[in-house]
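In what follows, every chain begins at residue 1, and chains take the letters A, B, ... in the order their sequences are listed. Worth knowing before you read on, the calculation uses all heavy atoms, side chains too, and leaves out hydrogens, waters and symmetry mates. The shown structure was predicted, so the numbers you read here are calculated from the model rather than taken from an experiment.
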Amino acid sequence: MKHAVTFDLIKTDGRSRARRGVLHTPHGDVQTPVFMPVGTQATVKAVKPEDVASLGHEGAHILLSNTYHLYLKPGHELVRKAGGLHRFMNWNGAILTDSGGFQVFSLGALRKIEEEGVWFRSYIDGSSHHFTPETSIDVQNALGSDIMMAFDECAPYPADRSYVRQSLELTTRWLKRCKEHHRDVERQSLFGIMQGGVYKDLRAQSAEQICELDLPGYAIGGLSVGEPAEIMYDVLEDCAPRLPADRPRYLMGVGSPDYIFEGVERGIDMFDCVLPTRVGRNGRAMTSEGELNMKNARFKEDFGPLDPGCDCYVCRNYSRAYIRHLVNTKEIFGGMLLSEHNLYFLVRTMEKIRKSIEEDRFPEYKREFFDQYYAPKRDKEEQ
RNA sequence: GUGGGUAUCGUCAAGUGGCCUAAGACCCUGGGUUGUGGCUCCAGUAUACGUGAGUUCGAAUCUCACUACCCACC
């Protein structure tokens, strides 16, 4: 029995836990460490699939979509009829679907969590829905993603120990049910999710429980939910190595460039985040010299590219002044250009990270990146 | 020229004698956003009551004159 998704670890950095690997999926190989653009509603907001596919120098080969949102709209059976999510949204690369667990957390006011599953009300029309681990797998089977995430409970921060403990144990029981319910492992692979909040011993407990299930990949959930960065790094440092070295490790919902570098350094292979597209739609550009708020008056007559160090489509064809104009007039095209550029920036940065690991200079590249990306902001704050 | 109307931050616009050292929105300025309930959210700047004189304990609010603009008529 062959798993749909397998992982080859090519190399581990000598001076950190950074790893270089390849994820093999039914829809192509993915080089890791990788950043996965997020396409919640079967679309990476404001960016065409073909543009996503051509991000960076090597292209993006995997993106995220969402079980909860597609279940509500347009409905997973419709996506099945369309021939699956890949065909429905015209994306030929790999797709990872989040299970809906996070939505249970982020739409907290509308839910009720029980052993069997979760009751929640649709944010669209207020209707009541019952979601269980089995439901999540059924929906993800219908969507046909390459990687399915387990239905988990993401505890908030802060949360007391006993709550987090119960939450992680529930997540483990749900994971077993997900695995039990998922049949066609040659078509789709199920990843388990570690929980445990910021409590290292609970993380260890969670890791031990989920690793017993021998899954093709594992995620770290419940981080980057509001805790201070130092705490997250500290917890990550401790818990990432508890996941098997020969399986991909996915840090869910991360993130910003600093979080990504710190994650790679601690042995993470996969990241996803809405940040580049969301901040892009709201007028921000991620550049080699830090983040820029394109609404700022100083760009009014700046006819240079968004990022002088970038060779993306946007930087080759449009000026800061023009993009500022689009943002200020709330033109959709502004969000499109910034989303594409920001994704390109992150995807390209991951390519450079991979190369630096191959060439044994990841720590140096990390320092170099931070000096360029965060120095301008630091200087500004010190003034 | 005659009659009528309107004049409040950059813009639009509340307010019809004391709670107005003047609402709100937009604009402008800055910030936020991390498994997307976001073409979004938060914050900040502006000594703006057309001018002058009156009435009154007290006027953006009432009176008069002037000025500007708008609409009719000649």
Side-chain angles (χ1 to χ4, degrees), chain A residues 35-47 62-70 72-73 95-111 120-126 136 140 145 147-155 157 171 191-195 218-229 232 250-260 262-263 268 270-284 286 291-300 324 326-339 342 346 377 380-381:
Chain A
F35 174 79
M36 305 180 282
V38 179
T40 301
Q41 317 247 35
T43 167
V44 176
K45 292 184 195 292
V47 186
I62 182 168
L63 57 72
L64 224 76
S65 198
N66 190 277
T67 304
Y68 167 87
H69 288 279
L70 295 178
L72 287 179
K73 256 183 184 180
I95 296 176
L96 180 153
T97 42
D98 192 17
S99 64
F102 187 76
Q103 278 61 45
V104 170
F105 157 79
S106 66
L107 276 50
L110 308 172
R111 63 152 156 77
F120 65 85
R121 301 183 80 89
S122 162
Y123 73 96
I124 298 169
D125 61 7
S136 180
Q140 295 187 76
S145 51
I147 299 172
M148 308 187 300
M149 296 309 299
F151 189 64
D152 65 331
E153 194 209 344
C154 178
Y157 177 88
T171 292
F191 280 22
I193 303 176
M194 177 209 287
Q195 289 291 346
Y218 291 96
I220 296 171
L223 285 182
S224 190
V225 290
E227 75 283 3
M232 191 194 94
Y250 163 29
L251 180 56
M252 307 186 79
V254 169
S256 50
D258 51 346
Y259 279 29
I260 289 177
E262 300 294 344
I268 300 299
M270 303 164 70
F271 303 86
D272 80 281
C273 194
V274 304
L275 209 57
T277 43
R278 178 181 289 173
V279 302
R281 288 197 307 286
N282 291 324
R284 280 189 173 245
M286 302 166 82
E291 231 178 80
L292 306 178
N293 185 342
M294 295 313 296
K295 289 187 251 187
N296 289 175
R298 63 190 166 113
F299 301 122
K300 193 169 188 174
R324 175 174 191 273
L326 294 177
V327 170
N328 280 345
T329 50
K330 302 181 184 1
E331 282 293 337
I332 294 169
F333 194 39
M336 291 167 62
L337 292 177
L338 284 169
S339 294
N342 288 348
L346 272 188
K377 193 179 177 183
K380 204 173 161 187
E381 282 166 0

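Nucleotides B/A65 and B/U47 have their C1' atoms positioned 28 Å apart, rounded to a whole Å. Comparing B/U11 with B/U34, their C1' atoms sit 38 Å apart, to the nearest whole Å. A gap of 28 Å separates the P atoms of B/G1 and B/U61, to the nearest Å. Taking atom P in both B/C28 and B/C69, one finds a spacing of 30 Å when rounded to whole Å. Nucleotides B/A22 and B/C64 place their C1' atoms 26 Å apart, quoted to the nearest Å. Comparing B/C20 with B/U67, their C1' atoms are spaced 26 Å from each other, to the whole Å. Look at the C1' atom in both B/G30 and B/U45: the space between them is 10 Å, to the nearest Å. Using C1' as the reference atom, B/A59 and B/C49 are 11 Å apart when rounded to the nearest Å.
A 3.5 Å limit on both hydrogen-bonding distances identifies B/G1 as the Watson-Crick or G-U partner of B/C73. For B/C28, the paired base is B/G44 (Watson-Crick or G-U wobble, both distances below 3.5 Å). Across all strands shown, B/C20 has no partner, as no Watson-Crick or G-U wobble contact with both distances under 3.5 Å is found. Shown here, B/U67 forms a base pair with B/A7; the pair counts as Watson-Crick or G-U wobble because both key distances fall under 3.5 Å. Checking B/C62 for Watson-Crick or G-U wobble geometry (two distances, each under 3.5 Å) identifies B/G54 as its partner. The partner of B/C39 is absent, by the rule that a Watson-Crick or G-U pair needs both atom distances under 3.5 Å.
Look at CG on A/L326: it is 12 Å from C1' on B/C39, rounded to the nearest Å. The nearest whole Å value for the distance from the CE atom in A/M286 to the P atom in B/U34 is 13 Å. Taking atom CG on A/N342 and atom C1' on B/U36, their separation rounds to 15 Å, with Å as the unit. The distance from atom CZ of A/F191 to atom P of B/G35 is 18 Å, rounded to the nearest whole Å. Atoms CG (A/L346) and P (B/U34) sit 15 Å apart, rounded to a whole Å. Atom CD in A/E291 sits roughly 12 Å away from atom P in B/U34 (whole-Å rounding). Taking atom CZ on A/F102 and atom P on B/U36, their separation rounds to 6 Å, with Å as the unit. For the pair A/R111 CZ and B/G37 P, the computed distance is 13 Å after rounding to whole Å.
Dashed line: the shortest gap from a side-chain N or O of A/R284 to OP1 or OP2 of B/G32 is under 4.0 Å. At least one side-chain nitrogen or oxygen of A/N293 sits closer than 4.0 Å to the OP1 or OP2 atom of B/G31. Distances shorter than 4.0 Å separate some side-chain N or O of A/Q103 from OP1 or OP2 on B/G37. An OP1 or OP2 oxygen of B/U36 is reached within less than 4.0 angstrom by a side-chain nitrogen or oxygen of A/T40.
Side-chain to base pairing of A/S106 with B/U36: no donor and acceptor N or O lie closer than 3.5 Å to each other. Applying the 3.5 Å distance criterion, the base of B/U40 shares a donor-acceptor pair with the side chain of A/K295. Applying the 3.5 Å distance criterion, the base of B/U40 shares no donor-acceptor pair with the side chain of A/R281. Between the side chain of A/R278 and the base of B/U36, at least one donor-acceptor pair of N or O atoms lies under 3.5 Å. Side-chain N/O atoms of A/N296 and base N/O atoms of B/G30 include no donor-acceptor pair closer than 3.5 Å.
Remark: of the listed residues A/L275, A/L338, A/V279, A/V279 is the sole one forming a side-chain contact (heavy atoms from CB on, under 4.5 Å) with A/R284.
In terms of position along RNA chain B, the nucleotide closest to A/N328 lies nearer the 5' end than the nucleotide closest to the other residue of the pair A/N328 and A/L275. Annotation: of the two residues near RNA chain B, A/E331 and A/Y259, the 5′-most nearest-nucleotide partner is A/Y259.
Residue A/I193 is classed as a base contact, given a heavy-atom separation below 4.0 Å to a base. Residue contacts shown for A/E262 are absent, as no nucleic acid heavy atom lies under 4.0 Å away. As judged by a 4.0 angstrom heavy-atom cut-off over every strand, A/N66 is placed among residues touching the sugar-phosphate backbone only. When heavy atoms are screened at a 4.0 angstrom cut-off, A/D272 is found touching the sugar-phosphate backbone but no base atom. Residue A/G39 is out of contact with every strand shown, counting any heavy-atom pair closer than 4.0 Å.
Counted by atom type alone, A/Y250 and A/D272 present one or more donor-acceptor pairs between their side chains at under 3.5 Å. Donor-acceptor pairing under 3.5 Å is recorded for the side chains of A/S122 and A/D125. Looking only at atom types and distance, the side chain of A/N66 has no donor-acceptor partner in the side chain of A/Q41 under 3.5 Å away. One side chain, A/T97 or A/Q140, offers a donor N or O that lies under 3.5 Å from an acceptor on the other.
Using cut-offs of 30° and 60° on the angle between ring planes, the pair A/H69 and A/Y123 is perpendicular.
Distance from the side chain of A/R324 is smallest to B/U29 among B/U29, B/G35, B/G37. You'll find that the side chain of A/V274 is closest to B/U36, out of B/U36, B/G30, B/C39. Considering only side-chain atoms of A/S224, the nucleotide from B/G35, B/U34, B/G38 that sits closest is B/U34.
The minimum heavy-atom distance between A/P257 and A/M286, with the atom names listed, is CD-CE, 3.7 Å. Annotation for A/F35 and A/P276: closest pair CZ-CG, 3.7 Å, computed over non-hydrogen atoms.
In this structure the side chain of A/T40 never reaches within 4.5 angstrom of the side chain of A/S65, judged on heavy atoms.
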